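Heads up, the thing below is written out as structure tokens.
We name chains A, B, ... by the order of the sequence lines, and we start the count at 1 in each one. This is a predicted model, so every value here is computed, not measured.
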2 protein chains.
Amino acid sequence: MDKDNLMQFVRKILPMSRDKAEQLVEKFQPMKIGKHEYLLKAGKVCSETHFIESGTLRAYTYDLDGNEVTTAFYVKHTFAADLLSFFKRDPAKEYIQAITDCETWYLTYEDMQANFHTIPEFREYGRLNIVEQYSQLKERMLSMLQETAEQRYSRLISSSPEIFQEVPLKYIASYLGIADTSLSRIRKEFAKK
Amino acid sequence: MDKDNLMQFVRKILPMSRDKAEQLVEKFQPMKIGKHEYLLKAGKVCSETHFIESGTLRAYTYDLDGNEVTTAFYVKHTFAADLLSFFKRDPAKEYIQAITDCETWYLTYEDMQANFHTIPEFREYGRLNIVEQYSQLKERMLSMLQETAEQRYSRLISSSPEIFQEVPLKYIASYLGIADTSLSRIRKEFAKK
DNA sequence: CTGATTTCTTGACATTTGCGAAGTGGAAGC
DNA sequence: GCTTCCACTTCGCAAATGTCAAGAAATCAG
């Protein structure tokens with residue numbers, strides 16, 4: 001397992017020389033996580049950020065009635081971490097669980113801080129990365145505000161078809177903010193078209 | 001008009017000495033914006049971030065059917081800006097409009113960048129500020145996922161009662177993701193309790 | 001392979017919310 | 001002062017979604 005995918009991802013967000021990029025990803029270390037295992041549990045401080053080489057994970061929390069609410073899916077070649085816990089050093093409110101076996105490259109908070117202080121490109125990358133996550137969250141927010149459940153489903157299946165290969169539909173339902181029975185109906189309607 | 005409120009806000013997010021804080025807020029300049037005027041228009045790059053000394057603003061965009069969707073309210077003693085446009089230097093997708101007459105302290109992107117490079121505390125503040133915004137957006141996202149319109153209304157009125165003093169209800173409705181007639185019904189039910 | 005568990009679908013029914021139209025009250029402009 | 005416009009409410013009905021319960025289908029464990 002080499003770091004090519006990680007390098008490619010990093011340079012896409014902030015174009016830089018190959019040398020700089022290599023310096024930047026140097027501290028990432030490999031990890032394996034088995035299906036159903038946890039990358040993070042609520043109550044613990046998120047101390048690493050993981051670039052997913054292979055596999056799929058999800059983040060979830062509980063609503064006031066005790067129901068699971070899936071807040072994010074993490075697919076290969078993206079980063080998985082609880083940003084808030086990671087940067088604020090607060091206990092996480094979410095669980096991050098492997099849906100399939102996963103391989104990741106992870107960076108600890110300490111290593112990241114060290115690089116922030118010594119590599120200007122890394123700082124800039126760090127900020128842009130947060131802005132990028134904010135951007136995605138905002139799009140999802142807008143989608144919740146102005147689209148119907150069917151439109152959100154349609155959007156998800158065309159933007160991230162991989163998710164549907166590996167993730168149980170009930171998780172997708174709670175991610176879309178609807179009951180699993182409603183998703184089932186929507187899929188039925190959707191198939192007709 | 002002095003910068004006390006600004007200083008206080010900045011130091012709340014990242015505690016630091018009074019000297020450092022003064023250095024940090026030095027570049028902020030005063031501006032006045034009249035009711036109904038725009039602080040930012042869609043298509044333009046957001047080139048300043050505004051700390052609101054007094055007044056209220058809202059951000060909005062249009063959905064696919066051409067309806068206004070209110071995405072944020074900015075009340076006094078918080079920052080107003082299109083984060084994505086500001087940091088990515090992309091054209092904004094939103095309008096930011098004054099709902100009442102406003103006074104702000106603003107900082108240009110260039111001044112911010114300059115300070116980022118020379119003052120470590122400023123960098124750290126900048127990152128934490130984004131994380132803070134991300135945190136608020138995430139809470140709103142969760143609220144959309146798991147709460148009913150009435151619960152969202154209830155939450156907003158208790159967390160930000162000021163908004164209801166100055167903002168037309170139809171904007172609040174679109175912020176909550178519901179039709180203005182539905183908000184009207186919800187308020188009626190809510191008043192009974 | 002078999003039984004147990006989980007996931008997914010379906011149906012009936014209740015609730016929430018949206019939409020269009022109508023009406024009221026108040027603010028703004030002339 | 002009068003008129004116009006805008007914000008807000010209300011009503012009736014339609015559409016979307018939730019809840020609960022049952023059963024089919026897929027998956028897992030031994």
Side-chain angles (χ1 to χ4, degrees), chain A residues 34-37 55-56 58 60 62-70 73 95 97-101 142-157 163-193, chain B residues 34-37 56 58 60 62-70 73 97-101 142-157 163-193:
Chain A
K35 187 171 179 175
H36 299 310
E37 285 178 13
T56 304
R58 71 168 183 131
Y60 68 91
Y62 291 92
D63 69 13
L64 301 171
D65 302 327
N67 307 308
E68 276 186 14
V69 182
T70 298
F73 296 113
Y95 297 81
Q97 186 184 32
I99 292 178
T100 65
D101 288 347
L142 276 176
S143 162
M144 290 295 302
L145 278 176
Q146 57 187 59
E147 294 181 337
T148 65
E150 178 165 352
Q151 287 172 317
R152 295 200 297 279
Y153 170 76
S154 162
R155 175 193 290 270
L156 185 65
I157 205 170
I163 291 178
F164 290 80
Q165 315 285 306
E166 295 168 338
V167 177
L169 288 173
K170 61 173 188 172
Y171 297 155
I172 293 178
S174 85
Y175 177 81
L176 292 173
I178 58 179
D180 52 354
T181 54
S182 297
L183 177 58
S184 192
R185 268 188 291 255
I186 285 168
R187 282 165 59 81
K188 194 171 153 189
E189 282 307 307
F190 197 79
K192 287 185 190 165
K193 295 172 185 169
Chain B
K35 188 173 176 173
H36 298 312
E37 285 177 13
T56 304
R58 71 167 183 131
Y60 68 91
Y62 292 92
D63 69 13
L64 301 171
D65 302 327
N67 306 309
E68 276 186 13
V69 182
T70 298
F73 295 113
Q97 186 186 30
I99 291 177
T100 64
D101 288 347
L142 275 177
S143 162
M144 290 294 303
L145 277 176
Q146 58 186 58
E147 293 181 338
T148 65
E150 178 165 353
Q151 287 172 316
R152 295 200 297 277
Y153 170 77
S154 163
R155 174 192 289 270
L156 185 64
I157 205 170
I163 292 179
F164 290 80
Q165 316 284 306
E166 296 168 337
V167 177
L169 287 172
K170 61 174 187 170
Y171 297 155
I172 294 177
S174 86
Y175 177 80
L176 292 173
I178 57 179
D180 52 354
T181 55
S182 297
L183 177 58
S184 195
R185 266 191 295 249
I186 285 169
R187 282 164 59 80
K188 193 170 153 190
E189 283 307 306
F190 197 78
K192 287 186 190 167
K193 296 171 186 171

Expressed in angstrom and rounded to an integer, what is the separation of [X] atom [atom1] from [N] atom [atom2]?
X	N	atom1	atom2	answer
Lys170(A)	dA25(D)	NZ	C1'	15 Å
His36(A)	dT5(C)	NE2	C1'	12 Å
Leu176(A)	dG18(D)	CG	C1'	15 Å
Ile99(B)	dC6(D)	CD1	C1'	15 Å
Phe164(B)	dA7(D)	CZ	P	17 Å
Glu166(A)	dT27(D)	CD	C1'	16 Å
Lys188(A)	dT17(D)	NZ	C1'	15 Å
Glu189(A)	dC8(C)	CD	P	19 Å

Would you mind reporting whether Arg187(A) and Phe164(A) have side-chain heavy atoms less than 4.5 Å apart? yes
Quick one, Leu156(B) and Arg152(B) - any side-chain contact, counting heavy atoms below 4.5 Å? no
Verify the distance criterion only: is there a donor paired with an acceptor across the side chains of Glu166(B) and Thr56(B) at less than 3.5 Å? yes
Would you call the rings of Tyr62(A) and Tyr95(A) parallel, tilted or perpendicular, taking 30° and 60° as the class edges? perpendicular
Taking the side chain from Ser174(B) and the backbone from Thr70(B), do they hold a donor-acceptor pair closer than 3.5 Å? yes
Do the side chain of Asp101(A) and the main chain of Gly34(A) share a donor and acceptor less than 3.5 angstrom apart? no
At under 4.0 Å between heavy atoms, which parts of nucleotides 14-28 of chain C does protein reach? Answer with one letter per nucleotide, 5' to 3': B base, S sugar-phosphate only, - none. ---SBBB--------
